[in-house]
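Take a look at the structure below.
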Protein chains: 2
Amino acid sequence: MSDLLQRLRDRGWRLTAQRRVIAEVLDGEHVHYTADEVHAKAARRLPEISRASVYNTLGELVALGEIVEVTTDGRAKRYDPNAHHPHQHLVCAGCGMMRDVQLTQDPMAALPEGERFGFAVSEVAVTYYGRCPDCVAGA
Amino acid sequence: MSDLLQRLRDRGWRLTAQRRVIAEVLDGEHVHYTADEVHAKAARRLPEISRASVYNTLGELVALGEIVEVTTDGRAKRYDPNAHHPHQHLVCAGCGMMRDVQLTQDPMAALPEGERFGFAVSEVAVTYYGRCPDCVAGA
DNA sequence: GTCTTGACTTGGACATAGTCCAATATAGGA
DNA sequence: TCCTATATTGGACTATGTCCAAGTCAAGAC
């Protein structure tokens, strides 16, 4: 993620303070923040940053393939900066916490040709649901 | 689905006109309506039905395991009455249309023990994304 | 058939997540 | 330093979903 700003500059992005702060917030190992969480964390460094800029920037980063939008429940979308390493997600049904997981089989291979109904299938998302150790202990 | 009303009655449900109409709307082969779509279709038969009743009834049916709530994008949740036959979903990124699909491998088997991080994993959802024949032709 | 009662329904206010837009500010090239 | 296309801003607006007090009604008791 450290060279993200360089890649964006190479693509003709204007490097504003807002974009820089948002990129910094997303820089981390197992980060899956909602747009509002990104906004709150960004605002600690740049108090006047607007929600609109956060939504704009996240949308642009998704379009560029630098981050991935993840929807697990019907709540807020989360943004996953680990876009360059294919992986799936494990979600706690209690607290919503998310972890990246690696599968031993390619899920795309599990969908036979006869079940594609003429679709041009391009992506697959696998989400596991359960209770994290904290929520199991708490319940 | 035809015996759904009987099952509900057996569980002590009051059989109201609203619940009957909602159950009828959900009765179909490959139906994946949003709550608002269910409300619109129900209102054609029972014009005074309220949105609150639709949300209440759908929530109760989900809790009873008679239908399954499906979230694919960040938009409205969809409700899948095909709850008694395990399956996954294929979604058109263009128009949002959904199909049920059967996989050749159990996706739960693809998550090794070492990737469970102490979670009590109970469910898995696999969603394939692509473009349906109509959207491919239209684009 | 009528009564009774607790479960169900209703409309509207409220909450949350996200989008849109016109006015303003600014990064970066000339 | 200036210019201008691009980015940011606040606030209004939309979509989806939740909550609640008041009124209604299904179905068991008689």
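In the text below, chain A, chain B and the rest are named by the order of the sequence lines, each starting its count at 1. Just so it is clear, the structure is predicted and the values come from calculations on it, not from any experiment. Computed over heavy atoms, backbone and side chain alike; hydrogens, waters and symmetry mates excluded.
- Proximity of Arg19(B) to the phosphate of dC8(C): a side-chain N or O atom is located under 4.0 Å from OP1 or OP2.
- In this structure, a donor-acceptor pair under 3.5 Å is present between the side chains of Gln6(A) and Asp10(A).
- Screening residues 72-95 of chain B for ring pair (Phe, Tyr, Trp, His ring centres under 6.0 Å), with sequence neighbours left out, gives His32(B)-His89(B), His87(B)-His89(B).
- Within the structure, ring pair (Phe, Tyr, Trp, His ring centres under 6.0 Å) contacts touching residues 117-137 of chain B (residues at least two apart or in different chains) do not occur.
- The CD atom of Gln18(A) sits 5 Å away from the P atom of dT8(D) (whole-angstrom rounding).
- Asp10(B) places its CG atom 13 Å from the P atom of dA27(D), with the value rounded to the nearest Å.
- Straight-line distance from the CZ atom of Arg75(B) to the C1' atom of dG17(D): 14 Å, rounded to whole Å.
- Every side chain to side chain donor-acceptor pair (under 3.5 Å) that Arg45(B) has, sequence neighbours left out, goes to Glu24(B).
- For Leu8(B) and dA26(D), the CG to P distance is 16 Å, given to the nearest whole Å.
- Listed by residue number, Glu48(A), Ile49(A), Ser50(A), Ala52(A), Ser53(A) are the residues of residues 38-53 of chain A with a heavy-atom contact under 4.0 Å to DNA chain D.
- Where Tyr79(B) and Asn56(B) each meet DNA chain D at their nearest nucleotide, the meeting point lying more 5' is that of Tyr79(B).
- Annotation: side-chain contact (heavy atoms from CB on, under 4.5 Å) contacts of Ser122(A) (sequence neighbours excluded): none.
- A search for side-chain contact (heavy atoms from CB on, under 4.5 Å) contacts involving Tyr55(A) returns Ala35(A), Asp36(A), Arg51(A), not counting sequence neighbours.
- Between the CZ atom of Arg78(B) and the P atom of dG17(D) there is a distance of 10 Å, rounded to whole Å.
- Taking the side-chain contact (heavy atoms from CB on, under 4.5 Å) definition, one finds that Pro112(B) meets it with Thr104(A), Glu115(B), sequence neighbours left out.
- For Leu15(B), the side-chain contact (heavy atoms from CB on, under 4.5 Å) partners are Leu5(B), Arg9(B), Arg20(B), not counting sequence neighbours.
- Using a 4.0 Å cut-off, some side-chain N or O of Tyr55(A) falls inside it from OP1 or OP2 of dG18(C).
- Comment: Arg78(A) does not engage Glu69(A) in a salt bridge, judged by the lack of any side-chain N to carboxylate O separation of less than 4.0 angstrom.
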Filtered N/O pairs between nucleotides 26-29 of chain C and protein, under 3.5 Å:
unit_1, atom_1, unit_2, atom_2, d
dT26(C), O2, Arg14(A), NH2, 3.0
dA27(C), O4', Arg14(A), NE, 3.2
dG28(C), OP1, Leu15(A), N, 2.9

